[in-house]
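Each residue takes its place number in the sequence, starting with 1.
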Amino acid sequence: SYLSACGRLNIHTAQVEPIFSIIAPIVRARRDVGHLTALAQLAAKFGLADNAEMDHVLHAVCLFFEERTLESASQGTHGYASQVVYGQLLLALVFSEEESAVRDRALVMAVTAVKASFAGTVGAIDSRLVRQLQVVQLACRLERPDVLRTLSERGATGFLDELEDEDNEVAPLPKCSSQQHLQVSGILQQLGQRHRLEEKLLPYIADVRLLSTDRRLVEIDGPLHFVGRTSRYDMKSMLKHRLLTKQGW
């Protein structure tokens with residue numbers, strides 16, 4: 001509960017890593033994919049990739065999905081993990097740029113598992129998971145060619161391609177964020193900068209695109225985009241900035 005609360009609130013205390021090291025072996029022994037996913041996401045969010053338990057957690061995730069994929073193929077049963085669990089795990093697995101064989105293997109198994117559950121029923125996939133799968137595909141193209149090659153060998157890239165152009169409606173901005181965007185827009189107008197708000201660059205939506213310069217964006221990141229009271233971006237914001245930058249923005 002403590003780790004979950006820290007993750008939700010983006011608060012990284014001195015107790016997080018010691019508790020992570022104690023809890024991880026217990027969760028692995030229970031083979032609880034929901035809690036394993038939560039630990040993987042927490043480790044990515046708080047930079048615990050070097051913790052000795054992290055590779056063990058990812059190995060347990062791989063074993064879970066390998067077993068369930070085999071069951072699914074032989075019995076025709078699907079839906080062994082929730083869409084929320086899939087989405088959280090996928091983003092945690094593409095967050096780090098550093099090479100990791102066990103993380104790449106877990107990513108392949110997770111995408112393959114999603115395909116096993118939803119191939120042929122793409123319309124049943126929640127819009128949030130669609131967006132997360134689009135992020136995974138982009139991250140693999142830009143940073144993980146070996147993973148993309150393995151997914152192709154497993155016949156999973158066609159599934160990702162089917163989702164690539166899905167353009168789901170973007171939720172309206174909260175009132176405070178909308179006001180911030182309008183304030184920035186007003187200042188840019190005063191400066192004579194032609195721009196456009198909420199530029200679609202699937203799978204992302206950029207806050208502001210400057211039209212008078214080549215491939216220049218402005219992201220308006222309030223306190224909720226950071227971990228606690230630090231200057232460290234949260235996982236989603238850091239990944240968004242990195243992948244947009246690698247596309248030349």
Side-chain angles (χ1 to χ4, degrees), residues 37 40-41 43-45 47 49 54 58 61-62 65-66 69 81 83-123 125-170 198-209 214-219 221 225 233-249:
T37 292
Q41 188 180 42
K45 181 177 287 188
M54 190 54 203
L58 292 179
V61 168
C62 290
F65 282 123
E66 283 174 350
T69 300
Q83 297 196 39
V84 172
V85 167
Y86 283 133
Q88 291 175 340
L89 179 62
L90 288 168
L91 290 189
L93 293 174
V94 297
F95 174 69
S96 176
E97 292 181 90
E98 296 180 11
E99 292 185 6
S100 168
V102 67
R103 189 168 56 242
D104 285 355
R105 179 174 161 232
L107 180 57
V108 169
M109 293 310 306
V111 173
T112 303
V114 177
K115 175 182 177 291
S117 290
F118 299 105
T121 57
V122 169
I125 303 179
D126 177 79
S127 60
R128 183 177 298 181
L129 180 55
V130 169
R131 193 75 70 191
Q132 289 159 335
L133 286 163
Q134 290 172 337
V135 170
V136 166
Q137 185 181 38
L138 177 61
C140 288
R141 282 178 176 169
L142 295 173
E143 302 174 340
R144 317 280 274 279
D146 289 343
V147 170
L148 202 60
R149 192 176 306 112
T150 304
L151 287 172
S152 178
E153 292 168 357
R154 289 172 175 250
T157 49
F159 170 70
L160 292 176
D161 290 341
E162 192 176 351
L163 297 172
E164 184 176 11
D165 296 324
E166 286 287 318
D167 186 6
N168 297 297
E169 285 188 15
V170 180
E198 296 189 15
E199 178 79 359
K200 288 187 178 182
L201 300 168
L202 291 179
Y204 291 115
I205 305 295
D207 290 336
V208 183
R209 178 179 180 177
D214 288 337
R215 303 180 73 81
R216 193 66 62 94
L217 305 172
V218 176
E219 285 291 293
D221 296 331
H225 290 265
Y233 275 109
D234 67 14
M235 186 169 66
K236 290 182 180 179
S237 299
M238 192 179 294
L239 185 59
K240 177 181 181 181
H241 292 184
R242 188 176 85 226
L243 296 182
L244 286 173
T245 299
K246 287 193 173 185
Q247 292 178 90
W249 292 100

Peer 1: Which residues pass the side-chain contact (heavy atoms from CB on, under 4.5 Å) test with R216, not counting sequence neighbours?
Peer 2: L210, T213
Peer 1: Contact between R154 and M109 at the side-chain level, heavy atoms closer than 4.5 Å - yes or no?
Peer 2: yes
Peer 1: Considering residues at least two apart in sequence or located in another chain, which fulfil the salt bridge (charged side-chain N to carboxylate O under 4.0 Å, His left out) criterion with D214?
Peer 2: none
Peer 1: Provide the closest heavy-atom pair for L243 versus L142 in the form atom of the first, atom of the second, distance.
Peer 2: O-CD1, 3.7 Å
Peer 1: For E199, give me all partners under side-chain hydrogen bond (donor to acceptor under 3.5 Å, both in side chains), at least two apart in sequence or on another chain.
Peer 2: R196, R209
Peer 1: Given side chain to side chain contact (heavy atoms under 4.5 Å, CB included), test Q134 with L138 step by step and report yes or no.
Peer 2: CA-CA 6 Å; Q134 290 172 337; L138 177 61; over 6 Å; no
Peer 1: Only counting residues at least two apart or in another chain, list the ones meeting side-chain hydrogen bond (donor to acceptor under 3.5 Å, both in side chains) with S237.
Peer 2: H225, D234
Peer 1: What pair of heavy atoms forms the shortest contact from A156 to K115, and how long is it?
Peer 2: CA-CD, 3.6 Å
Peer 1: Residues two or more places apart in sequence or in another chain: which of them pass side-chain hydrogen bond (donor to acceptor under 3.5 Å, both in side chains) with R141?
Peer 2: E164
Peer 1: I need the L89 CG to T37 OG1 distance, nearest 0.5 Å.
Peer 2: 4.5 Å
Peer 1: Is any side-chain heavy atom of D207 closer than 4.5 Å to a side-chain heavy atom of E198?
Peer 2: no
Peer 1: Can you list the residues that meet the ring-ring contact (aromatic ring centres under 6.0 Å, His included) rule with F95, with sequence neighbours excluded?
Peer 2: none
Peer 1: Give, for atom CG of D104 and atom CG of L148, the distance between the pair rounded to the nearest 0.5 Å.
Peer 2: 11.5 Å
Peer 1: Is there side-chain contact between L160 and C140, with heavy atoms separated by less than 4.5 Å?
Peer 2: no
Peer 1: Rounded to the nearest 0.5 Å, how far apart are CG of L163 and CZ of R131?
Peer 2: 11.5 Å
Peer 1: Could I get the full list of side-chain contact (heavy atoms from CB on, under 4.5 Å) partners for S152, not counting sequence neighbours?
Peer 2: T157
Peer 1: Evaluate side chain to side chain contact (heavy atoms under 4.5 Å, CB included) for V111 paired with Q137, printing each intermediate quantity in order.
Peer 2: CA-CA 10 Å; V111 173; Q137 185 181 38; over 6 Å; no
Peer 1: Donor-acceptor pair, Q83 side chain versus I125 backbone, under 3.5 Å?
Peer 2: no
Peer 1: Find the distance between CD (Q132) and NZ (K236) and round it off to the nearest 0.5 Å.
Peer 2: 6.0 Å
Peer 1: Taking all non-hydrogen atoms of both residues, which atom of L93 and which atom of R144 are closest, and how far apart?
Peer 2: O-NH2, 3.2 Å
Peer 1: Taking side chain as C-beta onward, heavy atoms only, is V135 less than 4.5 Å from L91?
Peer 2: yes
Peer 1: Excluding sequence neighbours, so at least two apart, what forms side-chain hydrogen bond (donor to acceptor under 3.5 Å, both in side chains) with R105?
Peer 2: H59, E66
Peer 1: Hey, what do you get for CE (M235) to NZ (K45), rounding to the nearest 0.5 Å?
Peer 2: 6.0 Å
Peer 1: On the 0 to 90° scale, with breaks at 30° and 60°, tag the Y86-F65 ring pair as parallel, tilted or perpendicular.
Peer 2: parallel
Peer 1: Please enumerate all residues that pass side-chain contact (heavy atoms from CB on, under 4.5 Å) together with E98, with sequence neighbours excluded.
Peer 2: S96, R103
Peer 1: Of all residues at least two apart in sequence or in a different chain, which pass the salt bridge (charged side-chain N to carboxylate O under 4.0 Å, His left out) check with R149?
Peer 2: D146
Peer 1: I'd like to check the salt bridge (charged side-chain N to carboxylate O under 4.0 Å, His left out) partners of K240; sequence neighbours left out, ordered by chain and number.
Peer 2: E219
Peer 1: Is there a side-chain contact between D126 and F118, using heavy atoms and a 4.5 Å cut-off?
Peer 2: no
Peer 1: Could you walk me through whether V208 and L217 pass side chain to side chain contact (heavy atoms under 4.5 Å, CB included), step by step?
Peer 2: CA-CA 6 Å; V208 183; L217 305 172; over 6 Å; no
Peer 1: Heavy atoms, side chains only, cut-off 4.5 Å: are L129 and L90 in contact?
Peer 2: yes
Peer 1: Sequence neighbours excluded, which residues qualify as salt bridge (charged side-chain N to carboxylate O under 4.0 Å, His left out) partners of R242?
Peer 2: E97, E143
Peer 1: Atom CZ in F159, atom CG in L133: separation rounded to 0.5 Å?
Peer 2: 5.5 Å
Peer 1: Taking all non-hydrogen atoms of both residues into account, name the closest pair between A40 and A92 and its distance.
Peer 2: O-CB, 3.7 Å
Peer 1: So do the side chains of V136 and V147 get within less than 4.5 Å of each other, counting heavy atoms only?
Peer 2: no
